[in-house]
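Report on one structure; see the data block that follows.
Letters A, B, ... are given to chains in the order of the sequence lines, protein chains preceding strands, and every chain is numbered from 1.
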Amino acid sequence: MIEVNDIHKSFGENKILKGVSTSFEKGKTNLIIGQSGSGKTVFLKCLLGLFEPENGSICYDGRTYSSLSGNEKRNLRQEMGMVFQGSALFDSMTVEGNVMFPLEMFTKQSQSEMQDRVNIVLKRVNLIDAHNKYPSEISGGMQKRVAIARAIVMNPKYLFCDEPNSGLDPKTAILIDNLIQEITEEYDITTVINTHDMNSVMEIGKKIVFLKNGFKEWEGTNKEIFKTDNAAVTDFVYSSELFKKVRQMYLEERN
Amino acid sequence: MFFFIIRTHLPFNIIIFTITRLIFPMNYLASIGSYFIMIREVFKKPTKWRIMKSLILKEIDELIFGSLGIIIFISFFIGGVVSIQTALNITNPLIPRNLIGFATRQSVILEFAPTFTSIIMAGKVGSYITSSIGTMRVTEQIDALEVMGVNSLNYLVFPKIIALLFYPFAIAVAMNVGIFGGWMAGVFGGFSTSADFVEGIQLDFIPFHVTYSFIKSILFAFIIATIPSFHGYYMKGGALEVGKASTTAFVWTSVVIIIVNYILTQLLLG
């Protein structure tokens with residue numbers, strides 16, 4: 001579980017986060033949504049420890065990040081997995097090399113043990129024949145799956161995803177969403193996803209945090225987002241005609 | 001500006017401050033500070049030796065052996081040009097013809113092999129380093145390393161520094177090929193006999209000049225490894241900025257090499 005208490009972050013005079021407090025539960029897919037410039041990416045980078053907030057605290061299962069020593073912070077980071085927006089796979093390594101990289105860096109496993117683990121996670125993300133291919137030789141959807149495999153290969157406690165669906169076709173986007181949700185439940189990890197994708201919000205948003213201008217405007221589940229009266233949330237989530245109609249139908253059915 | 005300041009009878013410390021600000025604007029000072037902080041980080045929290053070993057070998061192959069072709073090509077022709085230029089400038093019959101070999105040896109060993117080659121390497125190797133690290137920055141690969149808990153500066157820059165410790169080997173090749181080029185141009189161009197040229201090469205040879213050249217090349221190697229890495233690592237933006245960072249890295253690497261060359265020459269030979 002990750003608990004965030006009143007964090008502030010600014011760059012020079014520009015205040016990005018103005019006191020955000022929330023919590024992300026274990027075994028659930030937690031979503032951060034909001035318009036561009038609302039502070040989502042900065043918030044995610046604070047959760048990852050890439051940015052240190054000026055005020056407030058972030059606790060990872062009782063461990064407050066700001067009070068940890070350098071070594072403890074590094075150990076905590078090894079419990080984190082991250083799926084970047086552009087996958088961020090290492091160009092010079094094959095798919096297998098990318099997934100094996102964290103194992104080579106941080107474990108004392110033998111080559112065969114590492115190979116077994118890589119085979120397991122690649123199979124888990126449905127990538128069987130791509131071991132020796134380079135990132136440039138596979139599709140965007142496959143790259144995302146390799147990034148997920150690399151993120152989970154060390155059995156992380158926390159999984160962070162920055163817009164995992166961006167640039168993917170709707171069908172592949174749903175596959176990636178489902179894969180992240182299955183992995184979250186199967187490995188019982190705390191997953192935080194930064195997204196713009198409203199399909200993801202409806203499908204896998206077990207907890208949704210809506211940011212606006214650096215503040216937490218609203219939080220709830222994908223069921224509650226249909227019922228909310230918060231104008232900022234409804235304006236953002238139901239900005240398309242299709243979603244407006246879906247919401248209308250849902251509310252009519254309920255009544 | 002300077003005379004304006006003197007005429008206004010400003011206090012001496014304000015004059016010094018103003019001149020310093022004109023020569024070194026604050027952003028340059030901040031960049032120099034960031035560079036030294038980067039160097040400190042490079043040597044912190046080392047990557048596992050098993051991985052580092054393979055990275056170093058890969059960098060030696062790419063940075064040293066991958067550059068030998070261009071180094072040999074340039075050195076050969078530079079040696080030849082020095083030999084021809086010297087021969088064409090000896091118009092006095094009292095000057096011995098072995099001066100062609102002597103001048104070629106001195107020019108190649110003292111300056112052309114270590115300094116000229118390093119400027120070329122700043123372009124070839126430096127832009128490769130900046131663009132490869134810059135691309136990793138743009139595509140979030142460096143963020144991925146940091147999130148995993150890897151010291152990305154050690155992982156990316158340290159192997160390049162160690163690989164370029166073999167740079168004096170490339171300079172030794174450049175020296176030999178340069179002198180050979182001079183001999184070819186001198187003898188086959190009809191400017192000198194082989195015996196005169198070889199006598200000139202052996203004339204008043206001071207072994208410390210080779211040591212001086214190797215000391216220079218070690219320092220130049222460190223500059224070639226670190227300044228382009230700095231520009232790549234701290235770049236911001238997209239693909240266009242990667243190109244700009246490569247150009248800036250080449251300019252600054254060349255400037256620093258030339259300044260360090262001057263200081264070292266004054267210290268070691270002056």
Side-chain angles (χ1 to χ4, degrees), chain A residues 11 41 44-51 68 70-93 97-111 114 135-136 143 146-147 150-154 156 158-163 166 192, chain B residues 26-27 30 37 40-41 43-63 66 128-160 163 232-234 236-239 242:
Chain A
F11 296 97
T41 303
L44 194 72
K45 288 195 172 178
C46 286
L47 294 177
L48 281 161
L50 290 176
F51 291 155
L68 297 177
N71 262 341
E72 286 170 334
K73 280 179 184 170
R74 274 192 284 274
N75 291 339
L76 176 62
R77 277 190 177 177
Q78 285 165 29
E79 295 174 11
M80 296 175 181
M82 172 74 188
V83 179
F84 285 87
Q85 190 176 356
S87 301
L89 299 178
F90 303 123
D91 303 325
S92 57
M93 295 180 195
N98 266 283
V99 179
M100 202 181 275
F101 182 79
L103 297 173
E104 285 180 329
M105 287 298 269
F106 302 112
T107 67
K108 289 178 179 169
Q109 292 178 9
S110 67
Q111 190 64 30
M114 288 192 288
S136 58
Q143 287 182 9
V146 178
R150 186 177 68 182
I152 62 168
V153 74
M154 293 277 284
Y158 316 99
L159 178 65
F160 301 95
C161 308
D162 188 13
E163 302 194 22
S166 69
V192 181
Chain B
M26 287 308 281
N27 55 342
I37 291 169
R40 193 185 63 185
E41 291 296 318
F43 294 97
K44 271 187 180 174
K45 200 200 163 220
T47 306
K48 239 183 198 178
W49 175 241
R50 193 177 63 178
I51 294 167
M52 185 52 78
K53 192 173 66 181
S54 65
L55 288 172
I56 290 170
L57 292 173
K58 187 172 153 276
E59 297 291 2
I60 289 172
D61 183 46
E62 279 180 13
L63 304 181
Y128 161 75
I129 291 173
T130 308
S131 55
S132 60
I133 295 179
T135 307
M136 286 186 78
R137 168 63 74 198
V138 171
T139 54
E140 296 180 308
Q141 293 177 48
I142 292 178
D143 287 341
L145 286 169
E146 286 291 322
V147 168
M148 285 177 204
V150 176
N151 177 357
S152 57
L153 277 169
N154 179 268
Y155 181 82
L156 295 171
V157 184
F158 186 75
K160 291 175 174 60
Y233 192 85
Y234 291 106
K236 287 186 178 110
V242 174

* Structure fact -> Comparing A/E79, A/Q78, A/E104, A/R150 against chain B, the one with the most heavy-atom pairs below 4.5 Å turns out to be A/E104
* For A/L44 and A/M82, run side-chain contact (heavy atoms from CB on, under 4.5 Å): C-alpha distance rounded to whole Å, both residues' side-chain angles, the deciding distance at 0.1 Å, then the answer. => CA-CA 10 Å; A/L44 194 72; A/M82 172 74 188; 3.9 Å; yes
* **Proximal component of A/L76, with respect to chain B [non-hydrogen, under 4.5 Å]** => neither
* Structure fact -> Whatever's closer than 4.5 Å to a heavy atom in chain B on A/D91 counts as both
* Asked: Given the rule in the side-chain contact (heavy atoms from CB on, under 4.5 Å) test, do B/Y155 and B/L145 qualify, once you have shown the distances and angles that lead to the verdict?
  -> CA-CA 9 Å; B/Y155 181 82; B/L145 286 169; 3.9 Å; yes
* **Sequence-distant partners of A/Y158, side chain to side chain donor-acceptor pair (under 3.5 Å), two or more places apart** => A/D61, A/R63
* Asked: Between A/F101 and chain B, which part of the residue has a heavy atom less than 4.5 Å away: side chain, backbone, both or neither?
  -> side chain
* Asked: Can you name the residues of residues 132-140 of chain B that have some heavy atom under 4.5 Å away from a heavy atom in chain A?
  -> B/M136, B/T139, B/E140
* To do: Start with the C-alpha gap between B/V147 and A/F84, add the side-chain angles, then the distance that decides, and say whether side-chain contact (heavy atoms from CB on, under 4.5 Å) holds.
  => CA-CA 10 Å; B/V147 168; A/F84 285 87; 3.9 Å; yes
* Asked: side-chain contact (heavy atoms from CB on, under 4.5 Å) between A/T41 and A/F51: does it pass, once the steps are laid out?
  -> CA-CA 10 Å; A/T41 303; A/F51 291 155; over 6 Å; no
* In terms of heavy-atom proximity below 4.5 Å to chain A, should B/D143 be classed as side chain, backbone, both, or neither? -> both
* Side chain, backbone, both or neither: which part of A/K73 has an atom under 4.5 Å from a heavy atom of chain B? -> neither
* For chain A, find its close neighbours in residues 43-54 of chain B: heavy-atom separation under 4.5 Å, sorted by number, or none. => B/K45, B/T47, B/K48, B/R50, B/I51
* Asked: Can you find a pair of side-chain heavy atoms, one from B/E146 and one from A/L48, that are under 4.5 Å apart?
  -> no
* **Residues in ring-ring contact (aromatic ring centres under 6.0 Å, His included) contact with A/F106, at least two apart in sequence or another chain** => none
